[in-house]
Amino acid sequence: MHIDILTVLPELLESPFQHSIMKRAKDKGLLKVQVHPLRKWAVNEYGQVDDYQFGGGAGMVMMCEPLAKAIEELSLSRKYDEIVYLTPDGEMFNQKMANTLSLNENMLLICGHYKGIDQRIREHFITREISIGDYVLSGGELAAAVLVDAIGRLLPGVLNDETSALFDSFQDDLLAPPVYTRPEDFRGWKVPEILMSGNHKKIEEWRYEQSLQRTKERRPGLPGELSPE
Ligand code: ADE
């Protein structure tokens with residue numbers, strides 16, 4: 001998968017993809033992330049990419065021209081399956097959306113700043129608007145990093161154990177069960193006996209029950225919790 005990210009703050013995205021699973025995805029050639037500084041398409045030599053909003057009011061708006069030129073130039077190199085704008089008024093990101101987006105070949109992510117981007121760009125170029133939660137970040141960069149991480153780890157071959165993403169929280173609309181590692185007894189706090197039993201069928205049943213209970217307590221209403229047992 002190839003992901004281009006358009007931003008006024010490329011420095012913010014230097015580190016997130018250089019470590020751990022994202023690094024492995026890159027090293028294996030499964031995911032390529034390219035960060036493009038929007039100021040490359042600025043309207044003047046001062047690097048201007050934003051302006052006051054029509055109608056008055058505080059806050060700058062990201063201008064049409066730099067965004068349109070950047071999108072058009074980048075689109076010459078690849079055909080995007082999605083051109084995503086990260087914005088708090090977008091569709092709420094979740095695991096299902098990550099699964100769907102992980103099937104794409106090429107994506108362009110656009111990070112907003114200030115009051116956001118000119119509405120005309122949203123109407124004429126953007127194919128999908130995504131929010132990562134009901135709170136406002138100072139820009140779309142961290143949201144873009146969240147998207148790339150959640151999507152990148154789903155690409156076949158990225159995780160060591162190919163099946164492990166299947167057991168993540170949310171993959172079956174349930175939260176993940178509790179996990180334990182050595183020692184068996186830490187300060188008198190013991191690992192549940194069932195996990196030591198070697199009975200894989202019973203362990204799976206226990207994990208499922210724990211998942212269900214956790215989901216009921218913490219996220220009542222997730223579809224997995226409502227499904228017939
Ligand atoms: N940009 C600012 N806040 C955001 C959010 N919650 N999700 C996505 N992009 C954003």
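One-based numbering, in listed order, for ligands and for the atoms of each. As a basis for the values below, the full set of heavy atoms in this structure was taken, side chains included, without hydrogen atoms, waters or symmetry mates.
- Under the salt bridge (Lys or Arg N to Asp or Glu O under 4.0 Å) criterion, Lys28 pairs with no residue, sequence neighbours left out.
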Kindly print each ligand 1 N/O atom paired with any protein N/O atom under 3.5 angstrom away, one pair per line, or none if nothing qualifies.
| unit_1 | atom_1 | unit_2 | atom_2 | d |
| --- | --- | --- | --- | --- |
| ligand 1 | 3 (N) | Leu137 | N | 3.0 |
| ligand 1 | 6 (N) | Gly133 | O | 3.1 |
| ligand 1 | 6 (N) | Tyr135 | O | 2.8 |
| ligand 1 | 7 (N) | Ile132 | N | 3.0 |
| ligand 1 | 9 (N) | Thr87 | N | 3.2 |

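- Residues passing the salt bridge (Lys or Arg N to Asp or Glu O under 4.0 Å) test with Asp50, sequence neighbours excluded: none.
- Remark: Arg128 pairs with Glu82, Glu91 by the salt bridge (Lys or Arg N to Asp or Glu O under 4.0 Å) rule, at least two apart or across chains.
- A side-chain N or O of Glu123 and one of Gln119 form a donor-acceptor pair less than 3.5 Å apart.
- Side-chain N or O atoms of Gln53 include one that pairs as donor or acceptor with a backbone N or O of Ala58 at under 3.5 Å.
- Rounding to the nearest 0.5 Å gives a distance of 5.0 Å between NE2 of His36 and CG of Leu74.
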